[in-house]
Amino acid sequence: RLIPEFVTLCGFIPKADTNLRNHDFTSRIAHDRWRDIYLSYGRMGGVEYVKKRFGSWFKGLATTGCLPDNVLLTGRGIKCISKDGHECNSLDEQRIDDWLTDYGIEHEKEPHYPQHHELNPKETLRADWRVGDILIEYFGLTGEEEYDRRVFNKLRLSKETGIKLIEVYPENLQNLKEKFHSLLEHP
């Protein structure tokens with residue numbers, strides 16, 4: 001009840017980096033409401049507590065009913081939760097994650113790519129899913145220059161490190177069974 005109370009007092013859905021010293025957050029609040037919002041933030045335990053308790057700020061918002069239909073519109077799409085509780089960055093990602101769940105395929109969300117001296121020196125690159133030793137990437141925003149550069153680098157990284165990679169594009173969404181046939185053949 002404390003998370004919805006905080007969101008209601010704010011009058012908007014605060015971002016995941018919200019804290020009482022964040023100017024982007026505080027500048028959106030009328031001065032006469034600061035006291036109530038600050039007290040509510042404290043009762044809630046702050047955003048960092050919610051992240052620890054629920055796994056992410058988004059999951060805390062969704063679990064407590066703060067989001068209509070458990071989705072959050074972002075600048076890159078619709079953030080949502082799959083059937084198995086994975087956080088997805090788009091409805092297409094949710095569709096793929098739900099398909100893997102429906103077919104009983106155990107999968108890990110957002111695993112790290114291995115280290116590579118040039119393409120991933122700090123091991124910060126992530127795939128969308130891992131099934132066993134296979135990584136799966138949904139490349140849903142092709143055609144955007146920066147995104148295409150990252151796709152190219154991930155494809156190059158998988159080739160240079162010998163990673164098995166399944167590439168999924170929007171046109172594959174209509175027949176995921178065909179795209180993931182190799183996953184269905186493995187025990």
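Both backbone and side-chain heavy atoms feed into the values below; hydrogens, waters and symmetry mates do not. Computed from a predicted structure; not experimentally measured.
Between the side chain of Lys179 and the backbone N or O of Glu167, at least one donor-acceptor pair lies under 3.5 Å. The backbone N or O of Glu123 sits less than 3.5 Å from a side-chain atom of His112, completing a donor-acceptor pair. Remark: the backbone N or O of Asp36 is not paired with any side-chain donor or acceptor of Ser40 at under 3.5 angstrom.
The side-chain hydrogen bond (donor to acceptor under 3.5 Å, both in side chains) search around Asp92 returns Tyr138, not counting sequence neighbours.
Looking only at side-chain heavy atoms (C-beta outward), Glu137 and Lys154 come within less than 4.5 Å of each other. You'll find the side chain of Glu144 stays beyond 4.5 Å of the side chain of Glu146, heavy atoms only. Looking at Ile37 and Cys10, their side chains come closer than 4.5 Å, going by heavy atoms from C-beta outward. Counting only heavy atoms from C-beta outward, the side chains of Leu165 and Leu135 approach each other to under 4.5 Å. Between Phe139 and Asp148, every side-chain heavy-atom pair lies at or beyond the 4.5 Å cut-off. With contacts defined as side-chain heavy-atom distances shorter than 4.5 Å, the pair Trp129/Ile96 qualifies. The shortest side-chain heavy-atom distance between Glu110 and Asn89 falls under the 4.5 Å cut-off. Within the 4.5 Å cutoff, the side chain of Ile166 has heavy atoms near those of the Ser182 side chain.
Closest of all the heavy-atom pairs between Ile163 and Pro114 is CD1-CD, 3.1 Å. Residues Gly60 and Ile3 come closest through the heavy atom pair O-CD1, 4.1 Å.
To the nearest 0.5 Å, atom CD1 of residue Ile136 and atom CG of residue Asp128 are 9.0 Å apart.
No donor-acceptor contact under 3.5 angstrom links the side chains of Ser82 and Gln94, judged on distance only.
Screening residues 4-21 for salt bridge (charged side-chain N to carboxylate O under 4.0 Å, His left out) gives Glu5-Arg43 as the qualifying pairs, with residues at least two apart or on separate chains.
Residue Glu171 places its CD atom among more than 12 non-hydrogen atoms of other residues, nucleotides or ligands, all under 6.0 Å distant.
Between Phe25 and Phe6, the two ring planes are tilted [angle within 30° to 60°]. Relative orientation of the Phe180 and Trp99 rings is tilted, given thresholds of 30° and 60° on the angle between their planes.
Geometric assessment of Lys59 against the ring of Phe54 yields a negative cation-pi assignment under the 6.0 Å and 45° thresholds.
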